Every structure is written in C-alpha cells, then in structure tokens.
**Q** 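First the structure, which I've put down as structure tokens, then a few questions once you've had a look.
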There are 2 protein chains.
Amino acid sequence: MPDGVPKKPSRIQMRNRRVILDAALNVFSQHGYRGATLDQIAAEAGLSKPNILYYFQGKEQIHLTLLSQLMETWLDPLVELDADGDPKTEILDYVQRKLDMARDLPRESRLFAGEILQGAPRIGPRLESDLKPLFDQKCAVIAGWVKAGKIADIDPQHLIFSIWATTQHYADFEAQVTVLLGNATGSNDTASQHLRVMFGKMLCVNN
Amino acid sequence: MPDGVPKKPSRIQMRNRRVILDAALNVFSQHGYRGATLDQIAAEAGLSKPNILYYFQGKEQIHLTLLSQLMETWLDPLVELDADGDPKTEILDYVQRKLDMARDLPRESRLFAGEILQGAPRIGPRLESDLKPLFDQKCAVIAGWVKAGKIADIDPQHLIFSIWATTQHYADFEAQVTVLLGNATGSNDTASQHLRVMFGKMLCVNN
DNA sequence: GAAAATTTTTACCATTTGGTAAATCCACGA
DNA sequence: TCGTGGATTTACCAAATGGTAAAAATTTTC
C-alpha cells in the first residue's frame, strides 16, 4: 500500500499542528504574509523553527492551510440564508451572524482582509470556485424577494457588499474604531443596533 | 545660519522625490510595509537603491511620508461636510466624494487600510491628533441634525463608520469585487446608485 | 525492555534585505 | 572652461530569513 491511506495523525501531531496554526494566525493576521516570519511563529508556538517545518512544508503552506480552513467558516453565515424564510428576517439575521463573526474571530477577519487587500495572490482561485457560486446563488434568492415585492428594490450584489463591508469594518479597522470611540463604553452592541436599523430601513418596501 | 532655512529643493530633487514616492505607493499598497522592499521600490522608480537612500533616510521614512501626505487628502471630504447645508444632501454628497476617492485613489486607500489593519503602528498618533478631533466635530454636527429632527435618529459615529466601510470596500476589496461582479459591465456607478439609495432611505425621517 | 518509528534539537547554509562608504559622474555658475 | 557641490554608482556589509541535514532524544510497538 505505497501511497493509499495517509495514515491517521498521532495525538502529538494533532496538538502541535493546532498550536502552530493558532500561532501562525496571530502572526499572519497582525503582520501580513511577508511581514510574518517563521521565527515569530515558532516563538509564539513555543517550538523551534525546524520543528515547525517538520509539521508543515513551508511558510506558504501554513498560510494556505489557514486560508483554506477559514474559507469554510467564512461562508457559513451566508450558506444559512434561507430562501424560504421571511426575507427581512433572513437578511437582518445574516447581518447579525456576520457581525458576531467579526467580534468572535477578528484575527480570521484580518487574515482574510489582508489577503484580499494584496490582490488575493494565494486564495484567488478559491474565490472563484467556492465564494462566487454561493454569492451568485444567494444574489438570485434576494433578487427573487425583490421581484416578489417582499423587500425594497435593491441591487443584491451591492447589498451583500454593504453587509460585508459594514460588519467586517469593526474587526479590520479595529485600531481606528478604538481610537474614535474612545473605547470606554460597552459600545459592543451599539454597532449591532445601528446596523439593524440601517439595513432594516433599507429593506423596507414603504417609501 | 547653521540650521535655519532648509534650502529649497532643486528641480531634480523635486522630480526624484515624486518619482520615488509614487513607486513606493505602488509597492507599499500592494505588499504592505514589511512585504515591500527597497529594491522593488528602486526598480519601480528606475533608480538605484543607494540613490533612493540619498533622498530618504530609510524605508520607514518613505512609508511615513506617504501616510502623512495621504492623511490630508483622506480627511478632505469630511472637512467639506457643511453644518449649514441641507443635512441629507450634505451626507449623500459626502458619500459620493468618498466613493469617488476610492475610485480615483485606490492605492492610497489600500495603503491606509493596510496600516490600520496592522494596528496603525506608524500612523496611530495622527489618528488621535488629526482624525479624532475632526471626527468628533462632525459627529456633533450630525447629532445636531438628528436632534433637530432633520434626519432619522441614527448614531452619528456608526453612520460615519458605515460610510467609510461601504465606500472604501470597493478599493480595498477590489480583488474580491472583481471576481464576484464578473467585471464585465460598466458597473462603475451601480455602486454609487446603490449607496445613494441605501443612505438616502436610512436618513429619511418618515418611517 | 529492545527495536523501530517518530519527534526535537543542533549546527548550518544561501539568499535577501536595509543600509553604508567612498569613488565617480555631472550640471552649472564664475 | 574649470572648479565645486550636488547626484549617482560601485562595492560592500551585517543581520535576518526561509530552509536543510543529520544527530539526538523521545515515544511507541512488539
């Protein structure tokens, strides 16, 4: 059986892979792909550099692994958008899920933002193969709601862009947001409330 | 006069500084601070690396110079927001100016986004000193409009965040937008129309 | 408990990168 | 046209960086 079953990873392999990926997520999300170094990742993971390269083929593979894992998580909230649900509720719930994700997974949000910002040099293909089909499908769903007069006449594509932009903003531009809000108050769900009002009014059929 | 007047720069100095900064903007906006190299900048500028270091003290100074110059341009559209104008018009025009800037200066938008994404390590102080006062002032203006019942009851801070996020999205996430829109049609002002409708409905007092 | 397999460390290496010193080139005013 | 000061190149350098080979340590298996 010269190449058949990849052999299941040992406990120690599982643990160290997780530790390395978590450390790499910290470093990559903060410094970008080129700004991150294997030494930093190794230090953060509490392992030696050669030991890291025992678990991953190289720097690029670590980055790619992170992006791949992230892609699934990233699409989840949109997958859940249900064509058979109440249109306004479905969209507002989607906004909330996206905002929750930016809150709970800011490192992932920044990792993704950094990759796209640089022209998606590594994840580009998966945008086409994974993201675009889902995007087109959900745009069609929303277009159906518009045509049926269930929500206001709005361009589905740009609606989704606006949802992404406004929700991810709180993770990706956190440094700026923190400065401007004075980060004193528990302004946590002020954003949630604002976005709920904003998209709520936008979808309203009257006026 | 051992240190008084800095002496006015020659034509060749003016030209080369501009050339270098333009090249650096290309490289920094595409690869981030650490991802950019002096060799890349030199190649892009058509100069040798030591020659670049003849005009700037180092890599960091080039980056800082770009960010400083950018800061002014960046704040301009918000400065123009007039407390004495028609509230809805003022805000919608501001959205349009921001969107125009994302269209005309995508490199600058990405440079800024990259810096903030990494925690604003170099421009942080100027967020406090330059951006925050202006932000607070304009928030007060908008809050006044809200209190006077001239626009809907909306949180000024988060309104501005939403405007920044949605407009800059088209520059910062261009790689993604291009994939998802199929970049075929002249979808240039579809975004403008969408944002106009979106923020227009949001500010509407009725309902 | 010894052999086999896996994991970790030590000691490197080639390349890249930001930066410097000094020699050379060149424009331009006297 | 010649000298002078600014502009440019050549030849480097030390540190950092991604990565490797092989020995040593450790765990697992029989």
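Values in this document were obtained by computation on a predicted structure and should not be read as measured data. Here is how names work: the chains are called A, B, and so on, in the same order as the sequence lines, proteins then strands, and each is numbered from 1.
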**Q** In whole Å, what is the span from the OH atom of B:Y54 to the P atom of C:dC26?
**A**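 Atom-to-atom, B:Y54 to C:dC26, this comes out as 15 Å.
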**Q** Within the 4.0 Å limit for protein heavy atoms, which parts of nucleotides 9-25 of chain C are touched? Write it as a string from 5' to 3', B for base, S for sugar-phosphate only, - for none.
**A** BBB-----SBBB-----
**Q** If only side-chain N and O atoms of B:Q13 are considered, is one of them under 4.0 Å from the OP1 or OP2 phosphate oxygen of D:dG6?
**A**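 So the side-chain polar atoms of B:Q13 never come under 4.0 Å of the phosphate oxygens OP1 or OP2 of D:dG6.
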**Q** In B/S/- notation, 5' to 3', how is nucleotides 23-30 of chain D contacted by protein heavy atoms closer than 4.0 Å?
**A** -----S--
**Q** Just by distance, with hydrogens left out, do B:S192 and B:Q96 show a side-chain donor and acceptor under 3.5 Å apart?
**A**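 A pair is found: one side chain offers a donor N or O, the other an acceptor, under 3.5 Å apart.
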**Q** Name all pairs fulfilling the side-chain hydrogen bond (donor to acceptor under 3.5 Å, both in side chains) condition that reach into residues 64-78 of chain A, sequence neighbours left out, sorted by first residue then second.
**A**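 Non-adjacent pairs meeting side-chain hydrogen bond (donor to acceptor under 3.5 Å, both in side chains): A:S68-A:R126.
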**Q** Over how many whole Å does the gap from B:R15 atom CZ to D:dG6 atom C1' extend?
**A**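 Those two atoms, CZ and C1', are 14 Å apart.
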**Q** Taking only residues two or more places apart in sequence, or in another chain, which ones meet B:D93 in a side-chain hydrogen bond (donor to acceptor under 3.5 Å, both in side chains)?
**A**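 Here no residue qualifies.
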**Q** Holding to side-chain hydrogen bond (donor to acceptor under 3.5 Å, both in side chains), I want the full list of residues that pass it with B:Q118, two or more places apart in sequence or in another chain.
**A**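 side-chain hydrogen bond (donor to acceptor under 3.5 Å, both in side chains) list for B:Q118, sorted by chain: empty.
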**Q** Among residues at least two apart in sequence or on other chains, which ones pass salt bridge (charged side-chain N to carboxylate O under 4.0 Å, His left out) with B:E44?
**A**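 So B:E44 forms no salt bridge (charged side-chain N to carboxylate O under 4.0 Å, His left out) with any residue.
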**Q** Any ring-ring contact (aromatic ring centres under 6.0 Å, His included) pairs touching residues 48-69 of chain B, not counting sequence neighbours?
**A**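 For residues 48-69 of chain B: B:F28-B:H63, B:Y33-B:H63.
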**Q** Does B:T166 have any side-chain hydrogen bond (donor to acceptor under 3.5 Å, both in side chains) partners at least two apart in sequence or in another chain, and if so, which?
**A**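 B:T166: no side-chain hydrogen bond (donor to acceptor under 3.5 Å, both in side chains) contacts found.
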**Q** With sequence neighbours excluded, what pairs up with B:N51 under the side-chain hydrogen bond (donor to acceptor under 3.5 Å, both in side chains) test?
**A**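 Partners of B:N51 under the side-chain hydrogen bond (donor to acceptor under 3.5 Å, both in side chains) test: none.
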**Q** Contact class for B:Y55 (heavy atom, under 4.0 Å): base, sugar-phosphate, or nothing?
**A**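 The residue B:Y55 makes sugar-phosphate contact but no base contact.
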